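Report on the structure given below.
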Amino acid sequence: KEKVEITKEQQALMKVIADAYNRHQIPQDVAKKLLQDQYSAEENFLLLTEMATSQVQVLVEFTKNIPGFLSLNHEDQIALLKGSAVEAMFLRSAQVFSKKMPNGHNEVLEDRIRRSGISEEFMTPMFNFYKSIGVLHMVQEEQALLTAITILTPDRPYVKDQQAVERLQEPMLDLLRKLCVLQHPQKPQYFACLLGRLTELRTLNYYHAEMLTSWRMNDHKFTPLLCEIWDVE
Ligand SMILES: COc1ccc(-c2nc3ccccc3n2[C@H](C(=O)Nc2c(C)cccc2C)C2CCCCC2)c(OC)c1
C-alpha cells in the first residue's frame with residue numbers, strides 16, 4: 001500500500017492556492033438572490049453578465065497568486081486567462097449549485113436556473129456537469145487546485161511556451177493526486193474522476209457563446225471585458 005506523504009513545500013503551495021482561492025471568491029449571494037425572486041429573462045441576463053464580469057476580475061487576482069504564473073511570457077498569461085475563463089465560470093457555478101442548502105432550496109434554485117432564459121438545448125449538458133461535480137463532494141482545497149489546474153492548461157490556443165505552463169501545472173496535479181488519496185482513501189479512482197470533469201468542462205466551452213446569444217430576449221448587451229473573454233459581439 002503506497003504511503004502518500006505531502007511534503008513541506010507542497011503544504012506551502014496548498015496554503016498559497018487555498019488562501020488565494022478563498023480570498024478571491026464572489027459571494028454566494030447570487031444563489032440567495034435567485035431564491036428570493038423569479039426574475040425576467042432580461043434581469044437574469046444582466047445578472048449573468050454582472051456575475052461573469054466580476055468572476056473574470058477575481059480569476060485574474062487568483063491567477064496572480066499562482067506561484068510562477070507572473071514569470072510566464074506575458075502573452076501566454078493572457079492566453080491562459082482567456083482560454084480558461086469560461087471553464088472557471090462553469091466550475092464556480094457548479095460549486096455554487098452543489099452547495100447543500102436548507103430543504104427544497106436546491107430544487108428552487110435549479111428551477112429558477114431552468115427558467116432563467118437559457119434555451120432548453122443547453123440545460124442538459126450544463127446540469128449534467130453540475131450534478132457530476134456535486135456527487136464528488138469536493139473540499140475547498142480540491143476546488144482551488146482544480147481551478148488552478150484548469151487555468152494552467154498548456155494546450156490553450158496561442159500559448160507559445162507550453163513547457164513552461166506544464167512545469168507549473170505538474171506540481172499542482174501531483175499535489176491534487178496526493179490530496180485525493182488522503183481525503184478519499186475509499187475511492188482510489190477519485191483523482192482520475194476529477195480530471196475527467198475537466199474534460200467535461202471543456203465541452204461546455206463550445207456551447208457558451210450560443211447559450212448567451214440564444215438567451216430568450218432581444219438585443220443581448222455584453223460588457224467590453226466579456227466581449228474579450230466570450231466569443232460574442
Ligand atoms: C453562460 O451561461 C450560463 C453560465 C452560468 C450559469 C449559472 N449556473 C448557475 C448555477 C448556480 C447558481 C448560478 C448559476 N448561473 C448563473 C451565474 O450567475 N453563474 C455564476 C457566474 C456567471 C459567475 C460566478 C458565479 C456564478 C454562480 C445565473 C445567472 C442569473 C440567471 C441564473 C443563472 C447559467 O445558468 C443558466 C448560464
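Start at 1 and go down the list; that is how both ligands and their atoms are numbered. Keep in mind that what you see is a predicted model, and the values were worked out from it rather than measured. When a residue number appears, it is its place in the shown sequence, counting from 1.
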Check ligand 1 for N or O atoms under 3.5 Å from a protein N or O and list each pair with its distance.
from     : atom 1 : to     : atom 2 : distance (Å)
ligand 1 : 8 (N)  : Tyr130 : OH     : 2.7
ligand 1 : 19 (N) : Ser93  : OG     : 3.1

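The number of heavy atoms from other shown groups lying within 6.0 Å of CG (Asp37) is above 12.
If you check the side chains of Arg197 and Ser132, you find a donor sitting under 3.5 Å from an acceptor. For Asn128 and Glu200, the side-chain atoms include no donor-acceptor pair closer than 3.5 Å.
For residues 136-158, there are no ring pair (Phe, Tyr, Trp, His ring centres under 6.0 Å) pairs, not counting sequence neighbours. Sorted by first then second residue, the ring pair (Phe, Tyr, Trp, His ring centres under 6.0 Å) pairs that include residues 29-63, not counting sequence neighbours, are Tyr21-Phe62, Phe45-Trp215, Phe45-His220, Phe45-Phe222. Within the structure, salt bridge (charged side-chain N to carboxylate O under 4.0 Å, His left out) contacts touching residues 66-85 (residues at least two apart or in different chains) are Glu75-Lys160.
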